[in-house]
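Working notes, structure below.
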Amino acid sequence: MDAVQKADSGHPGTPMALAPLAYVLWTKHLRYNPANPDWLNRDRFVLSAGHASMLLYSVLYLTGYELTLDDLKQFRQWESKTPGHPELGYTPGVETTTGPLGQGVGNAVGMAVGEAHLGAVFNRSQRIIDHNVYFIASDGDMMEGVSHESASFAGHLKLGKLIGFYDDNHITIEGDTALTFSDDTAARFAAYGWHVQHVADANDLAALNHAIDAAKAETSKPSLIVVRSHIGYGSPNKHDTAEAHGSALGPEEVALTKKALGYPSQEPFYVAPEALRYWREAAKQRAKFEDEWKKTYEAYKAANPALEKELQRRLRGELPDGWEKAIPVFTAKDGNVASRAASGVVINAIAKTIPELLGGSADLASSTNTIIKGEPSFSAESYAGRNFHFGIREHGMGSIMNGMSLTGGMIPYGATFLIFSDYMRPPIRLGCIMERHVIYVYTHDSIGLGEDGPTHQPVEQLSALRAIPHMTLIRPADASETAEAWRAALKHKNGPVALVLTRQKLAFIDRTKYAPAGGLARGAYVLADAPGGKPEVVLMSSGSEVALVLDAQKKLEADGIRARAVSMPSHELFARQDEGYRNSVLPRGVKRIAIEAAHPMSWYRWVGDDGVIIGIERFGASAPGAKIFTELGFTADRIVETAKKLVGKK
């Protein structure tokens with residue numbers, strides 16, 4: 001109450017309602033160590049109801065994490081350790097960034113997946129990876145679709161180490177949940193295959209304790225504990241009201257509430273010394289689990305030195321020695337290859353040397369070429385499997401991938417058609433905020449996919465994804481660039497990478513005549529320079545349209561116009577290069593033309609004020625891809641015509 005009041009911003013009601021649950025969970029069940037918040041086998045706790053962040057911050061302070069009362073007094077202030085919603089990297093003990101409702105549920109499912117997979121791969125007689133994942137979800141979490149997708153996935157996979165609490169307080173911002181929500185949530189989760197219990201009163205500590213014990217004992221199903229709570233508990237005038245949800249109670253109501261609860265002081269941020277001693281002692285007892293685990297780990301290390309070394313390599317995020325030698329080299333003998341097909345070849349080549357690379361698709365493996373051949377599927381019967389079948393759940397897939405990456409020791413990839421990246425934008429954005437090393441494989445990248453028509457043909461998606469901070473998007477022009485794209489994606493550590501690939505075949509670019517595909521690592525490179533002197537115009541593109549640029553360059557040369565052909569597979573990688581390199585690729589004073597079968601927005605930075613972009617500002621059409629390209633003006637002849645006008649030559 002005091003932190004929200006001081007900030008005059010925040011959500012006091014849910015922390016007040018769930019204080020008893022936090023008390024039972026953190027003093028009697030969670031395995032954690034405030035002195036070492038990141039120890040491998042700690043239990044994970046995810047506050048999916050991230051608006052209730054003061055619940056988590058209060059408990060982290062009370063149990064002795066690196067968080068002070070002064071930090072609590074800086075709630076929601078600039079660069080404080082207590083931001084409005086929990087953020088990874090700001091507050092010791094916070095496992096993931098939450099706030100957009102439902103995402104924490106998906107993250108928790110992903111963490112449970114990570115626990116199951118790493119345990120299946122590395123555990124031997126000593127179970128060094130054996131922990132629970134807990135989450136708290138609100139009514140809002142249960143309404144958002146991503147929680148449905150993730151819960152269905154978790155139930156199907158029988159993730160028994162996953163334990164969730166549904167804060168059934170009947171209140172949202174607009175009022176009673178009866179306005180919009182009459183689901184039988186418990187029945188729904190039971191139908192998903194979860195073990196479901198009810199606690200009728202959030203203040204019944206014995207009932208909470210018993211329910212958590214029962215959830216931990218049920219290891220063949222994920223568990224949901226439905227806890228009936230009262231938002232703003234103890235507040236004489238705002239108990240069970242929407243007013244307690246999203247704003248400070250007011251100084252008078254805070255004082256009345258403290259009096260009603262029998263709190264020993266009206267001083268803001270007062271913590272009773274005996275209470276603090278109790279919490280800190282409880283934390284010391286919980287930390288003993290790490291001491292016991294260390295003994296188990298040392299025995300494991302002695303018995304399995306090679307395996308332990310491999311685990312530590314993965315946890316450090318270091319790739320295996322020599323892995324790059326496995327990247328295939330494509331030659332003219334391979335012919336014309338769709339970049340999605342080339343990607344499938346690369347995945348299967350590198351997967352043999354990078355065992356932490358694992359993933360799948362949203363029911364599109366045969367179209368996205370993302371199956372690792374010869375490897376089992378991740379399933380309730382085989383948690384060691386590397387092929388994931390996320391089902392038709394793009395939103396859940398993205399959120400689960402974030403949770404897997406947060407567990408560590410894995411590089412998850414998830415695939416769908418580029419158009420359906422829209423279904424997973426919230427977890428993409430959160431993956432970027434948290435700078436997770438996840439890889440998105442997006443195929444069917446343009447109007448070139450053809451007959452499926454405008455509902456399946458992406459137009460605005462490339463610009464939209466490029467606009468997200470910390471996103472790195474790579475759209476390769478041929479099979480060789482696709483191999484280099486995977487090299488870049490695996491080396492990149494500071495945020496997600498989206499590989500954007502074609503359905504249609506791409507012409508082989510002969511690297512004995514053109515620049516090596518390794519130039520992709522710098523985002524853009526001169527693929528073919530203007531013959532006979534300084535270029536009069538620069539032609540640049542990505543993906544399938546690079547072939548049009550090369551064709552146009554030849555035609556312009558025949559007409560006596562010097563054109564430079566630039567492949568720009570990644571705007572973000574190019575933007576990270578020094579100014580000297582960027583100027584060497586795009587020389588100052590030389591006019592530029594960009595062509596991409598997508599919305600032009602993201603190209604304006606690169607063409608300059610006097611450049612031209614050939615793009616799309618309409619939806620596609622249902623027809624063969626080649627016909628659509630011609631009808632919408634994506635031809636070498638149009639590039640030639642545009643270039644001649646730009647340089648003032650007929």
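Positions are given from 1 along the sequence. No hydrogens, no waters, no symmetry mates; every other heavy atom, side chains included, goes into these values.
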Going by an N to O cut-off under 4.0 Å, is there a salt bridge joining [X] and [Y]?
X	Y	answer
Arg393	Asp363	no
Asp478	Arg511	yes
Arg313	Glu318	no
Glu481	Arg475	no
Glu557	Arg562	no
Glu324	Lys491	yes

Can you check whether [Y]'s main-chain N or O pairs, donor with acceptor, with [X]'s side chain at less than 3.5 Å?
X	Y	value
Lys493	Gly317	yes
Ser48	Val105	yes
Glu394	Met424	no
Ser377	Ser379	no
Gln457	Leu449	no
His437	His492	yes
Thr642	Arg638	yes
Ser147	Asp141	yes
Asp510	Thr512	yes
Ser570	Leu473	yes

Mind listing the closest non-hydrogen atom pair of [X] and [Y] along with its distance?
X	Y	value
Leu162	Ala154	CD2-CB, 3.9 Å
Ser421	Thr416	N-CG2, 4.3 Å
Ala365	Ile371	CB-CG1, 3.6 Å
Ile327	Ala483	CG2-CB, 3.8 Å
Gly155	Trp194	N-NE1, 3.6 Å
Ser361	Thr370	CB-OG1, 3.8 Å

Legend entry - Spatial distance of atom CG (Leu157) from atom CD (Glu381) [nearest 0.5 Å]: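 Those atoms lie 9.0 Å apart.
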
Inset, instruction - Please round to the nearest 0.5 Å and tell me the distance separating atom CG of Leu358 and atom CD1 of Ile411. - result: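 One finds 9.0 Å between CG of Leu358 and CD1 of Ile411.
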
Measure the shortest side-chain to side-chain distance between [X] and [Y] over non-hydrogen atoms and say whether it is less than 4.5 angstrom.
X	Y	result
Ser405	Met410	no
Ile372	Asn348	yes
Tyr413	Val438	no
Leu501	Val441	yes
Arg386	Leu357	yes
Arg314	Val121	yes
Phe390	Glu149	no
Met601	Arg466	no

Inset, instruction - Evaluate salt bridge (Lys or Arg N to Asp or Glu O under 4.0 Å) for Arg592 paired with Asp610, printing each intermediate quantity in order. - result: CA-CA 8 Å; Arg592 307 165 189 173; Asp610 56 355; over 6 Å; no

Quick check: are there more than 12 heavy atoms from other residues, nucleotides or ligands sitting under 6.0 Å from [atom1] of [X]?
X	atom1	result
Asp321	CG	no
Phe330	CZ	yes
Lys555	NZ	yes

Legend entry - Sequence neighbours excluded, every pair satisfying salt bridge (charged side-chain N to carboxylate O under 4.0 Å, His left out) that has a member inside residues 395-404: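 Pairs touching residues 395-404 that pass the test: none.
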
Inset, instruction - Please identify each residue that fulfils salt bridge (charged side-chain N to carboxylate O under 4.0 Å, His left out) with Glu144, with sequence neighbours left out. - result: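 None.
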
Inset, instruction - Could you list the residues that satisfy salt bridge (charged side-chain N to carboxylate O under 4.0 Å, His left out) with Asp334, not counting sequence neighbours? - result: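 With neighbours one apart ignored, the set is empty.
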
Pair [X], [Y]: side-chain N/O donor-acceptor within cut-off below 3.5 Å:
X	Y	result
Thr502	Ser339	yes
Ser542	Glu596	yes
Thr98	Thr96	no
His117	Glu356	no

Inset, instruction - For Gln577, enumerate each residue passing the side-chain hydrogen bond (donor to acceptor under 3.5 Å, both in side chains) test, keeping only those at least two apart in sequence or located in another chain. - result: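 For Gln577 the side-chain hydrogen bond (donor to acceptor under 3.5 Å, both in side chains) partners, ignoring immediate neighbours, are Arg522.
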
Inset, instruction - List for me each residue that meets side-chain hydrogen bond (donor to acceptor under 3.5 Å, both in side chains) alongside Asp529, sequence neighbours excluded, and say none if there are none. - result: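 Asp529 satisfies side-chain hydrogen bond (donor to acceptor under 3.5 Å, both in side chains) with Arg564 only.
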
Legend entry - Derivation of the side chain to side chain contact (heavy atoms under 4.5 Å, CB included) call for Leu573 and Ile474: CA-CA 9 Å; Leu573 291 176; Ile474 307 175; 4.2 Å; yes

Legend entry - Check: Phe378 ring centre within less than 6.0 Å of Tyr383 ring centre: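 When the ring centroids of Phe378 and Tyr383 are compared, they turn out to be within the sub-6.0 Å range.
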
Inset, instruction - Please say which of Leu586, Ile593, Val549 ends up in a side-chain contact (heavy atoms from CB on, under 4.5 Å) with Met540. - result: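 Option passing the side-chain contact (heavy atoms from CB on, under 4.5 Å) with Met540: Leu586.
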
Legend entry - Full working for salt bridge (Lys or Arg N to Asp or Glu O under 4.0 Å) between Arg576 and Glu572: CA-CA 6 Å; Arg576 294 175 196 137; Glu572 299 77 30; over 6 Å; no

Inset, instruction - Take Met143 and Asp183 through the test side chain to side chain contact (heavy atoms under 4.5 Å, CB included) and record every step on the way to the result. - result: CA-CA 9 Å; Met143 294 185 202; Asp183 296 16; over 6 Å; no

Inset, instruction - Show the numbers, then the answer: is there a side chain to side chain contact (heavy atoms under 4.5 Å, CB included) between Arg44 and Lys161? - result: CA-CA 10 Å; Arg44 269 57 166 187; Lys161 301 289 186 65; over 6 Å; no

Inset, instruction - Any pair with a residue in residues 440-471 that passes ring pair (Phe, Tyr, Trp, His ring centres under 6.0 Å), sequence neighbours left out, goes on the list, sorted by first then second residue, please. - result: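 Sorted pair list: Phe417-His444, Phe420-His456, Tyr440-Tyr442.
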
Legend entry - Parallel, tilted or perpendicular: ring planes of His571 versus Trp606, cut at 30 and 60 degrees: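 Perpendicular.
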
Inset, instruction - Check step by step if side chain to side chain contact (heavy atoms under 4.5 Å, CB included) holds for Ile639 and Leu539. - result: CA-CA 8 Å; Ile639 300 172; Leu539 312 177; 4.0 Å; yes

